[in-house]
Number of protein chains: 2
Amino acid sequence: MTSNAGTKGVARADREAQILDVACRAFGEAGYAATSVADIAEAAGISKPLIYNYFGSKEGLHAVCVQHAAETLWAEFERSSRTDTVGLARAVVTLDGMFQALAPQPWMWRLVFDPTAPSDGASHEALLDYERRLFTLGADGVGELMRLAGNTDAGDTSATHAVWESVFRSLVTWWLDHPEVSPAAMTDRCIRLFSTVFGDLDEAARAAVGR
Amino acid sequence: MTSNAGTKGVARADREAQILDVACRAFGEAGYAATSVADIAEAAGISKPLIYNYFGSKEGLHAVCVQHAAETLWAEFERSSRTDTVGLARAVVTLDGMFQALAPQPWMWRLVFDPTAPSDGASHEALLDYERRLFTLGADGVGELMRLAGNTDAGDTSATHAVWESVFRSLVTWWLDHPEVSPAAMTDRCIRLFSTVFGDLDEAARAAVGR
DNA sequence: CTGTGGTAACTTACTCGCGAGTCATATCCC
DNA sequence: GGGATATGACTCGCGAGTAAGTTACCACAG
């Protein structure tokens with residue numbers, strides 16, 4: 001009986017890309033802690049040592065996954081931030097962009113907000129860096145709104161920022177838990193919710209996302 | 001050298017209570033996954049097998065901890081729900097009660113909302129039961145507000161409920177991350193934030209918590 | 001009031017499985 | 001032949017769970 005070892009004619013770069021793709025899904029769907037390297041190898045149809053050859057360690061592979069996911073999400077946040085909208089309109093635009101970006105690869109979200117991710121090492125650094133950038137973006141928006149509302153207390157602003165990020169996350173998470181809802185329908189829902197809570201939205205909000 | 005075995009004159013019930021207390025802190029502060037039974041035994045100044053004698057398994061111990069914590073939090077939610085407040089006033093009362101209940105034992109919160117808790121078994125059942133009860137309570141409040149606002153869409157109500165729970169959780173979490181803020185100061189902060197976002201609060205909200 | 005047996009409280013020193021990480025080796029292509 | 005691609009079969013540590021034995025307390029017989 002012949003061994004299964006030996007090249008299969010797949011170049012390293014291609015194999016790395018394939019492993020990365022499989023790993024992103026696995027880490028994103030099951031979480032870092034619940035995913036073993038053997039799981040990923042099996043899902044990719046290769047053996048465990050190949051992953052170690054190419055990525056060094058489980059954490060090294062995770063770091064690359066996280067960087068990829070963070071870049072994807074960050075690109076979307078940045079794009080939204082460059083529209084000339086403010087306040088709730090800006091929020092709606094950002095949510096709408098995120099729904100569209102996540103539709104083909106919903107696991108990317110949980111990959112970035114994985115509570116079982118390691119709390120040190122390269123992947124942790126990548127996440128911290130992403131969170132810092134995201135924080136700045138969110139803090140700008142919230143800070144301005146608070147100033148407009150006449151509240152300049154630092155603690156209040158900090159807490160409001162935390163609440164806003166949490167609202168954003170819960171809307172995305174709710175959508176991820178209801179996969180039958182299209183991105184457009186979810187954006188409409190967000191507009192309705194904001195209208196219900198804050199009163200009718202500025203026309204700008206609807207216009208910004210083409211409603 | 002003599003062995004260390006043998007009773008130390010501590011009755012089973014007392015020892016169980018002591019282990020439970022130590023375990024609640026450990027699970028609540030580090031999370032279920034990151035806490036080993038040996039850690040708990042060491043923190044309690046006893047040996048691992050004693051825990052197995054009394055609680056059967058790590059998960060069995062966790063189940064008792066979770067039940068204890070859920071009962072504590074639930075008692076507080078129920079108490080708040082029996083006040084004759086509605087809308088934002090009710091929210092403020094509930095937050096205020098939770099801050100006061102958590103002040104002497106802040107780890108109880110993360111014990112209940114631990115993302116690394118097991119996803120089956122007795123402790124999972126206890127958490128599901130708690131969440132179901134909590135869900136009903138929250139759904140009532142949110143549903144009524146949505147109806148008053150003229151929105152009866154089931155999906156909208158479901159999403160709003162998710163957002164409200166997330167807002168509640170993020171306010172508590174923010175407070176837990178700022179231990180220098182007293183419960184009373186945090187309640188004041190919540191009142192200010194709600195006022196900033198929704199306009200001035202009904203006097204009822206302030207009166208309900210004695211401001 | 002003093003042995004004495006039974007039981008509850010307690011520990012030391014293990015087993016066992018799982019998953020991260022490694023080593024030696026095999027096959028293929030140029 | 002030599003380097004890139006690949007794998008089977010390991011080691012190793014950690015944490016859950018256990019078997020077997022040790023000590024202190026207590027009820028009761030003498």
Side-chain angles (χ1 to χ4, degrees), chain A residues 1-20 22-23 26-27 30-65 114 116-124, chain B residues 1-20 22-23 26-27 30-65 114 116-124:
Chain A
M1 157 129 192
T2 99
S3 158
N4 280 330
T7 181
K8 291 170 184 167
V10 180
R12 174 165 183 155
D14 294 345
R15 196 59 102 185
E16 280 181 349
Q18 182 210 352
I19 294 172
L20 185 65
V22 168
F27 284 139
Y32 179 81
T35 304
S36 76
V37 177
D39 289 341
I40 297 173
E42 195 189 345
I46 57 165
S47 72
K48 207 164 49 135
L50 194 58
I51 294 182
Y52 282 91
N53 275 348
Y54 288 170
F55 295 93
S57 66
K58 178 184 182 183
E59 212 245 317
L61 172 57
H62 187 245
V64 179
C65 289
D114 180 2
T116 71
S119 54
D120 53 4
S123 69
H124 184 62
Chain B
M1 155 134 190
T2 99
S3 160
N4 279 329
T7 180
K8 291 170 185 166
V10 180
R12 174 167 184 154
D14 294 345
R15 196 59 102 185
E16 281 180 349
Q18 182 210 352
I19 293 172
L20 184 66
V22 168
F27 283 139
Y32 179 81
T35 303
S36 77
V37 176
D39 289 341
I40 297 172
E42 195 190 344
I46 57 164
S47 71
K48 206 164 48 132
L50 194 58
I51 295 182
Y52 283 92
N53 274 348
Y54 288 170
F55 296 94
S57 66
K58 179 183 182 182
E59 211 246 317
L61 173 57
H62 186 245
V64 179
C65 289
D114 180 2
T116 71
S119 53
D120 54 5
S123 70
H124 184 61

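Side chains included, hydrogens not; waters and symmetry mates left out as well; all remaining heavy atoms used. Labels below follow one simple rule: chain letters A, B, ... track the order of the sequence lines, proteins then strands, and each chain is numbered from 1.
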Quiz item: Rounded to whole angstrom units, what separation is found between the CD atom of Gln18(A) and the C1' atom of dA6(D)?
Solution: 13 Å

Practice problem: Would you check if the side chain of Ser123(B) reaches a backbone N or O of Glu59(B) as a donor-acceptor pair within less than 3.5 Å? | Solution: no

Quiz item: Looking only at side-chain N and O atoms, does Arg15(A) come under 4.0 Å of OP1 or OP2 in dA6(D)?
Solution: yes

Practice problem: Taking only heavy atoms on the protein side, list every residue of residues 34-41 of chain A lying under 4.0 Å from any atom of DNA chain C, sorted numerically. | Solution: Thr35(A), Ser36(A), Val37(A)

Self-check item: Along DNA chain D (nearest heavy atom to each residue), the more 5'-positioned of Gly9(B) and Val10(A)
Solution: Val10(A)

Quiz prompt | Value in whole Å for how far the P atom of dA20(C) lies from OH of Tyr32(A) | solution = 8 Å

Quiz item: For Glu16(B) and dA8(C), what is the distance between atoms CD and P respectively, to the nearest whole Å?
Solution: 14 Å

Self-check item: Exercise: identify the closest heavy-atom pair between Arg12(B) and Asn53(B)
Solution: NH2-O, 3.8 Å

Quiz prompt | Separation of atom CZ in Arg12(A) from atom C1' in dG3(D), rounded to whole Å | solution = 13 Å

Exercise. Working to the nearest 0.5 Å, report the span between CD of Glu42(B) and OG of Ser36(B).
Key: 8.5 Å

Quiz item: Could you state the interatomic distance from CG (Leu20(A)) to CG (Leu61(A)), rounded to the nearest 0.5 Å?
Solution: 7.0 Å

Quiz item: Taking it one step at a time, do Phe55(A) and His62(A) satisfy side chain to side chain contact (heavy atoms under 4.5 Å, CB included)?
Solution: CA-CA 9 Å; Phe55(A) 295 93; His62(A) 187 245; over 6 Å; no

Quiz prompt | Of the listed nucleotides dT27(C), dA24(D), dT12(C), the one nearest the side chain of Thr7(A) | solution = dT27(C)

Practice problem: Using a cut-off of strictly less than 4.0 Å between a heavy atom of the residue and any atom of DNA chain C, enumerate the qualifying residues of residues 45-54 of chain A by number. | Solution: Lys48(A), Pro49(A), Tyr52(A)

Practice problem: Take the protein atom NZ of Lys8(B) and the nucleotide atom P of dC10(C), then report the distance between them rounded to whole Å. | Solution: 7 Å

Practice problem: List the atom of Phe27(A), the atom of Asp114(A), and the distance in Å for their closest heavy-atom pair. | Solution: O-OD2, 4.2 Å

Quiz item: From Ile40(A) CD1 over to Ile51(A) CD1, what is the distance, rounded to the nearest 0.5 angstrom?
Solution: 5.5 Å

Exercise. Using a cut-off of 6.0 Å, state whether more than 12 heavy atoms not belonging to Gln18(B) lie near its atom CD.
Key: yes

Exercise. Measure from NZ on Lys58(B) to P on dT18(D) and round the result to the nearest Å.
Key: 15 Å

Practice problem: State, to 0.1 Å, how close Lys8(B) and Gly45(B) come at their nearest heavy-atom pair, and which atoms those are. | Solution: NZ-O, 4.2 Å

Quiz item: In whole angstrom, what separates Asn4(B)'s CG from dA24(D)'s P?
Solution: 10 Å

